[in-house]
Each structure stands twice: as C-alpha cells, then as structure tokens.
Amino acid sequence: MLEGLRILLFVTAVASVIALGLGLVVAIVNRSAPRAVTMPLFAVMEFIRNTPVLVQAVFVWTLMLMISGTSASAMWTGALVLGVHYASYTAEAYRAGIDGIPKGQWEAITALSLPKPRAWFAVLLPQALRKSTPALGNYVIALFKEVPILSAIGVAEMVTQVKGYAGIHYGGSLEGFTIAGLIFLVISYPVALLMRKLEKRLAN
C-alpha cells in the first residue's frame with residue numbers, strides 16, 4: 001500500500017501541475033486570442049469536460065499503444081490524461097477570476113498602453129488568482145480522488161494494490177479498503193479545511 005500511495009501522490013502531483021498550468025494558458029488564450037482560435041479551443045475543452053475521464057484514459061492508452069507498438073508508461077499516460085481533463089475545469093475557474101476583475105482595471109491597462117505580457121502578469125493574474133485559488137484547490141482534491149480510475153490502464157496506485165493483494169490471498173479486502181479510505185481522508189480533509197480557511201481569508 002505504501003508503494004501504491006507513492007504512485008498515487010506522484011500521479012496527483014504531475015496531473016495537478018498540468019491541470020493548473022494548462023488551464024491558465026487556456027483561460028488567457030480564450031480571453032485574448034481571436035475567435036478563430038478561441039472557438040475551436042472552446043469546443044475541445046467542452047468535449048474533454050463532458051466525456052468521462054475513464055474513457056479518455058483508455059482511449060489515449062490504446063491510441064499510444066497502436067501508434068508506438070509498445071506499451072507506454074501507465075503512470076505518465078494517466079497523469080497526462082487527468083491533467084488535461086482537469087485543465088478544462090481549472091480554465092473555467094481562472095476565467096471566473098479574470099471576469100471578476102473590475103472594469104476599471106482593464107480601462108487603466110488600455111489607457112497606460114501596457115504591453116500584454118506585463119498587463120497579464122503584473123496586473124490581471126494576481127487579482128484573478130486571488131479569486132480562483134479556492135476553486136483550484138478543490139479541483140486538486142477532486143483530481144487526487146480520481147486517480148484510482150487509472151487502474152483501468154494499469155496504474156498500480158493504492159486501491160489497485162489492495163485489489164491485487166485481496167485477489168492473491170483471497171482476503172484482506174475489507175481491511176485494505178478501510179485503510180485506503182482512511183488514507184484518502186487523512187490527506188484530503190486537511191487540504192479541504194485549508195482551502196476553506198484560505199477562501200475566508202481572501203474574501204476579507
């Protein structure tokens with residue numbers, strides 16, 4: 001189970017970085033790029049968000065197997081799929097934060113003729129991130145709890161290890177799943193409390 005927990009945390013960390021980074025890029029592009037770019041991007045994100053992550057994981061895993069002819073790393077494939085899937089959600093959280101920036105800030109940027117990179121990174125994103133942080137934290141927690149789905153493509157995370165042990169020894173599944181559930185609770189509950197406290201602090 002400890003090895004499974006290590007894999008679980010690794011996949012969560014990699015997928016979270018992808019989700020948070022790609023989601024931010026998508027949100028900025030959707031806000032600043034021409035419609036010829038934003039419309040196809042919107043369609044892709046909607047498709048990803050409205051199809052099951054399990055189906056996406058199996059599809060990408062199978063596609064990579066067909067293209068390369070060899071089995072790719074299940075961990076990296078799973079982390080990539082989860083990261084891209086949750087990027088479609090984090091992009092919406094960033095969008096809400098950006099839309100919440102007062103109109104006067106946008107007018108001031110235009111009046112000062114600030115370059116786009118400076119406007120985004122010095123003025124807009126600090127304000128948007130303050131509004132988006134609680135929602136982003138909740139998506140990371142949700143992503144963490146989704147990792148066991150990747151057992152369908154062979155990611156041997158904690159829950160999969162319990163299943164494997166119970167299958168070999170014909171027992172221990174109740175104890176194993178109970179311990180796994182408690183580990184999920186011990187890790188995710190404090191993070192959820194931290195997000196609530198952070199949300200209250202940022203609201204002041």
Side-chain angles (χ1 to χ4, degrees), residues 8-53 56-57 60 76 78-147 149 184 187-204:
L8 173 67
L9 295 175
F10 174 81
V11 173
T12 301
V14 174
S16 296
V17 170
I18 295 172
L20 296 174
L22 180 59
L24 180 58
V25 171
V26 170
I28 294 174
V29 170
N30 276 333
R31 185 75 193 201
S32 57
R35 288 179 63 85
V37 175
T38 60
M39 291 301 292
L41 182 61
F42 174 78
V44 171
M45 288 293 106
E46 283 294 302
F47 175 81
I48 292 173
R49 185 164 54 247
N50 289 288
T51 52
V53 66
Q56 294 172 11
V60 172
W76 285 102
L80 175 63
V81 171
L82 268 181
V84 173
H85 183 84
Y86 272 87
S88 66
Y89 291 98
T90 59
E92 287 300 300
Y94 287 124
R95 181 197 58 77
I98 294 169
D99 288 347
I101 297 173
K103 186 178 179 181
Q105 297 288 319
W106 297 94
E107 293 173 349
I109 289 170
T110 303
L112 294 171
S113 299
L114 288 178
K116 278 190 176 181
R118 186 177 178 188
W120 277 107
F121 291 100
V123 180
L124 300 173
L125 286 183
Q127 298 180 67
L129 289 174
R130 181 174 180 175
K131 299 175 183 294
S132 305
T133 296
L136 296 174
N138 289 331
Y139 284 132
V140 170
I141 295 172
L143 187 156
F144 168 66
K145 293 185 290 186
E146 289 265 35
V147 174
I149 287 178
F184 273 101
I187 294 175
S188 61
Y189 186 63
V191 178
L193 291 178
L194 180 63
M195 288 299 106
R196 290 177 191 172
K197 187 176 294 187
L198 181 61
E199 184 175 5
K200 292 178 180 178
R201 184 173 181 179
L202 293 177
N204 295 329

Quiz item: Under 3.5 Å, side chain of Gln105 to main-chain N/O of Val123, donor-acceptor pair present?
Solution: no
Quiz item: Is the Phe10 ring parallel, tilted or perpendicular to the Trp76 ring (thresholds 30°, 60°)?
Solution: perpendicular
Measure the [atom1]-[atom2] distance between [X] and [Y] for me, rounded to the nearest 0.5 Å.
X      : Y      : atom1 : atom2 : result
Ile18  : Leu82  : CD1   : CG    : 9.0 Å
Tyr139 : Glu146 : OH    : CD    : 12.0 Å
Thr51  : His85  : OG1   : NE2   : 7.0 Å
Thr133 : Asn138 : OG1   : CG    : 11.0 Å
Thr12  : Ile141 : OG1   : CD1   : 11.5 Å
Trp106 : Ile101 : CH2   : CD1   : 5.5 Å

Which atom names give the shortest non-hydrogen contact between [X] and [Y], and what distance separates them?
X      : Y      : answer
Phe184 : Lys145 : CE2-CA, 4.1 Å
Ala27  : Arg95  : CB-N, 4.2 Å
Thr90  : Gly23  : OG1-CA, 3.4 Å
Ala119 : Leu114 : CB-CB, 4.3 Å
Ala79  : Ala15  : O-CB, 3.5 Å
Ser132 : Gly97  : OG-CA, 3.5 Å

Exercise. With sequence neighbours excluded, tell me which residues meet salt bridge (charged side-chain N to carboxylate O under 4.0 Å, His left out) with Arg31.
Key: Asp99
Practice problem: Report the residue from Val26, Ile28, Leu20 that forms a side chain to side chain contact (heavy atoms under 4.5 Å, CB included) with Tyr94. | Solution: Leu20
Considering only heavy atoms from C-beta outward, does the side chain of [X] approach that of [Y] to under 4.5 Å?
X      : Y      : result
Val140 : Val191 : no
Leu8   : Ile187 : no
Ile109 : Leu124 : yes

Quiz item: After noting the C-alpha distance and the side-chain angles of Tyr86 and Leu136, does the key distance pass the side chain to side chain contact (heavy atoms under 4.5 Å, CB included) rule?
Solution: CA-CA 10 Å; Tyr86 272 87; Leu136 296 174; over 6 Å; no
